[in-house]
Amino acid sequence: MKLSKEYVVHHSEGESLLVPTGTATFVGIVRGNKTFGAIIDLLKEETDEEAIVAELTSRFDAPEETVREDVRKALSELKRIGAIDG
């Protein structure tokens with residue numbers, strides 16, 4: 001899976017924004033924290049859920065199960081709005 005080219009990412013002061021372009025069907029802005037920003041950044045390249053969980057577990061001081069739950073929630077929302085290809 002990979003972030004759709006119909007979305008652009010902006011990081012600012014600990015907050016990450018995912019903004020649809022004019023061709024996306026979703027209308028609005030998705031805001032997230034640095035964990036969400038890291039997930040989005042990892043989705044700029046082809047990846048899968050397990051690779052994202054592994055990378056975030058190594059970056060953040062959090063239990064793997066907490067990271068896994070956060071990743072699942074984020075991916076579910078990104079799929080719902082059409083921000084993920086594949």
Side-chain angles (χ1 to χ4, degrees):
M1 76 184 112
K2 187 174 178 180
L3 189 65
S4 170
K5 293 180 190 239
E6 295 178 337
Y7 288 80
V8 288
V9 179
H10 177 73
H11 301 290
S12 177
E13 299 179 22
E15 181 176 61
S16 296
L17 304 174
L18 185 64
V19 182
T21 64
T23 59
T25 57
F26 175 75
V27 176
I29 295 175
V30 179
R31 291 180 170 196
N33 60 16
K34 68 180 183 176
T35 304
F36 181 72
I39 293 168
I40 293 171
D41 285 343
L42 291 169
L43 285 166
K44 289 180 180 177
E45 301 294 327
E46 187 67 34
T47 191
D48 62 25
E49 184 176 327
E50 287 304 314
I52 294 170
V53 170
E55 179 62 28
L56 294 185
T57 300
S58 72
R59 285 190 200 182
F60 298 106
D61 184 26
E64 182 179 335
E65 199 49 48
T66 301
V67 172
R68 185 174 304 283
E69 184 178 323
D70 290 346
V71 168
R72 282 187 183 141
K73 286 179 184 176
L75 293 178
S76 175
E77 181 64 17
L78 292 170
K79 287 175 184 174
R80 184 185 71 76
I81 65 170
I84 296 177
D85 291 333

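The figures that follow rest on heavy atoms only: side chains count, while hydrogens, waters and symmetry mates do not. If you read the sequence from its start, that first residue is 1, and numbering goes on from there.
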Rounded to the nearest 0.5 Å, how far apart are [atom1] of [X] and [atom2] of [Y]?
X: M1; Y: L42; atom1: CE; atom2: CG; result: 10.5 Å
X: I84; Y: L75; atom1: CD1; atom2: CG; result: 5.0 Å
X: T57; Y: I52; atom1: OG1; atom2: CD1; result: 11.5 Å

What heavy-atom pair brings [X] and [Y] nearest, and what distance separates the two atoms?
X: D85; Y: S4; value: OD2-CA, 3.4 Å
X: H11; Y: S16; value: ND1-OG, 2.7 Å
X: I81; Y: Y7; value: O-OH, 2.7 Å
X: L78; Y: L18; value: CD2-CD2, 3.3 Å
X: A24; Y: E6; value: CA-OE1, 3.7 Å

[X] side chain near [Y] side chain, heavy-atom distance below 4.5 Å:
X: D41; Y: K44; answer: yes
X: L3; Y: V9; answer: yes
X: L17; Y: R31; answer: yes
X: T47; Y: E55; answer: no
X: V30; Y: F36; answer: yes
X: H10; Y: V19; answer: no

Report yes or no: do I29 and V8 belong to one cluster of Ile/Leu/Val/Met/Phe/Trp/Tyr joined by side chain heavy-atom distances under 4.5 Å?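 Yes, I29 connects to V8 through the hydrophobic network.
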
Going by an N to O cut-off under 4.0 Å, is there a salt bridge joining E69 and K73?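 Salt bridge flag = yes for K73 with E69.
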
Would a distance-only check, ignoring hydrogens and angles, find a side-chain to backbone donor-acceptor pair under 3.5 Å from E15 to N33?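 No, the answer is negative, given that no donor and acceptor are paired below the 3.5 Å cut-off.
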
How about NZ on K5, more than 12 heavy atoms from neighbouring residues, nucleotides or ligands closer than 6.0 Å, or not?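 Result for NZ/K5: open.
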
